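The next block holds one structure in the form of structure tokens; read it before the comments.
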Amino acid sequence: MSKTQNLSKKQNGVAFLFLSPWIVGFLVLTLGPMLGSLYLSFTDYDLFNAPTWAGLENYARLGADPRYLASLKVTLYYVLFSVPLKLGFALFIALILNRGLRGLGFYRSVFYLPSLLGGSVAVALMWRQIFSYDGIINQFLWSWFGYDAPSWITNPDYALGTLVLLAAWQFGAPMVIFLAGLKQIPQDMYDAAAIDGARPVQQFFYVTVPLLTPIIFFNFVMQTIGAFQAFTPSYIISDGTGGPADSTLFYTLYLYEQAFTDFEMGYASAIAWVLVAIIGLATTVSFLSAKYWVHYGDEG
């Protein structure tokens, strides 16, 4: 065996040595539980007795479960409204910060802070206090406009809307990514557009947006996946019930109820795998549609 082959084997061994913690963690903490939950989704299992094979019974049960269908409807509504609203706020703030403001680092940190704290229990509790009947929002409406507003979080017509606003308030992460993308757009493009008579609004739609579409696509996919997995705001604001009248019953909250309140682990596993399929389908559709509106710099 040549020295080159020996050196190559040693290098491969060192590489596998450094990769081994990740490989072990992936097999034990990710792939193993995933395969286990896939098996449990075809069983009747309550955490206390041995699982018994049930075939497709858990999956067939989903279509006849009104609370499951309600959670799916609530989650789809949340995704459809929270993701565009969050991305719109993020892009708007990124455009403002990209205008060369003094103290850019400070403002960037301030706007990013809610994204770091937004999923925490403390912020969800704060949000519940803000939108309660005697919260800051209602006090402002009463003192300035004399409007006796309802308790937003206990009214099924408005409760989900408060969670959408909470999601939009956490626009810091996509905002930072948008800001990085805006920094990469050459100023020459705007100068050329201005010479051709393009106004700022026209420059935004014909220069900024087309060149930013890869960033928009990335943020859209990541935020969509995150929205489908949202759990903490619904759990805290509704006290873990999904109320009022299941108006904030997120998909993940119903999954949690089935697994750790009703101890129907087999049924909960089926719910989880359907969520995986939904997210996979949404991501696939996003990638298939990208060729029609996402423009990369190396394209002709």
Side-chain angles (χ1 to χ4, degrees), residues 66-94 96 107 109-176 219-220 222-257 260-261 275:
R67 292 202 75 213
Y68 169 78
L69 296 177
S71 71
L72 184 60
K73 179 181 177 180
V74 168
T75 303
L76 290 175
Y77 179 96
Y78 177 79
V79 172
L80 289 175
F81 284 91
S82 66
V83 172
L85 190 60
K86 178 190 289 189
L87 295 183
F89 272 125
L91 181 55
F92 176 71
I93 299 299
I96 295 176
Y107 289 112
S109 301
V110 168
F111 286 123
Y112 186 66
L113 186 61
S115 294
L116 296 177
L117 303 176
S120 70
V121 174
V123 171
L125 288 171
M126 180 195 70
W127 206 255
R128 186 171 67 176
Q129 290 299 115
I130 290 174
F131 285 95
S132 64
Y133 181 73
D134 56 352
I136 297 174
I137 298 298
N138 283 3
Q139 290 180 16
F140 171 79
L141 292 175
W142 173 256
S143 61
W144 283 82
F145 303 102
Y147 176 62
D148 187 15
S151 176
W152 306 97
I153 61 173
T154 59
N155 190 317
D157 294 330
Y158 306 112
L160 184 56
T162 63
L163 298 185
V164 171
L165 291 178
L166 175 57
W169 182 64
Q170 304 170 48
F171 61 83
M175 180 270 293
V176 171
N219 274 334
F220 174 77
M222 298 304 296
Q223 295 303 319
T224 299
I225 294 173
F228 273 113
Q229 298 175 324
F231 171 79
T232 302
S234 174
Y235 182 84
I236 297 300
I237 289 181
S238 69
D239 290 324
T241 64
D246 288 344
S247 60
T248 61
L249 184 63
F250 281 4
Y251 195 104
T252 51
L253 178 57
Y254 186 63
L255 189 160
Y256 174 85
E257 286 184 355
F260 301 107
T261 301
L275 178 60

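Fair warning: this is a prediction, and the values are worked out from it, not measured in the lab.
The aromatic rings of Y235 and F231 sit parallel, their planes meeting at an angle under 30°, below the 60° perpendicular limit. Note: Y254 and Y68 have tilted aromatic rings, judged against thresholds of 30 and 60 degrees for the angle between ring planes.
For the residue pair P174 and L87, the shortest heavy atom distance occurs at CB-CD2, 4.0 Å. Here the closest non-hydrogen pair linking L165 and L85 is CD2-CD2, 4.4 Å. Here the closest heavy-atom approach between residue V83 and residue F220 is recorded as CG1-CD1, 3.9 Å.
Side-chain contact between D239 and R128 is present, with at least one heavy-atom pair separated by less than 4.5 Å.
Within 6.0 Å of CZ in F92 there are 12 or fewer heavy atoms belonging to other residues, nucleotides or ligands. Other residues, nucleotides and ligands contribute at most 12 non-hydrogen atoms within 6.0 Å of the CE atom of M222. Residue L69 qualifies as enclosed at atom CG: its count of foreign heavy atoms under 6.0 Å is above 12.
A salt bridge does not link D246 to K73: none of the charged nitrogens lies less than 4.0 Å from a carboxylate oxygen.
T248 places a side-chain N or O within 3.5 Å of a backbone atom of G243 that can act as its donor or acceptor partner. Without hydrogens or angle criteria, Q139 side chain to D134 main chain gives a donor-acceptor distance under 3.5 Å.
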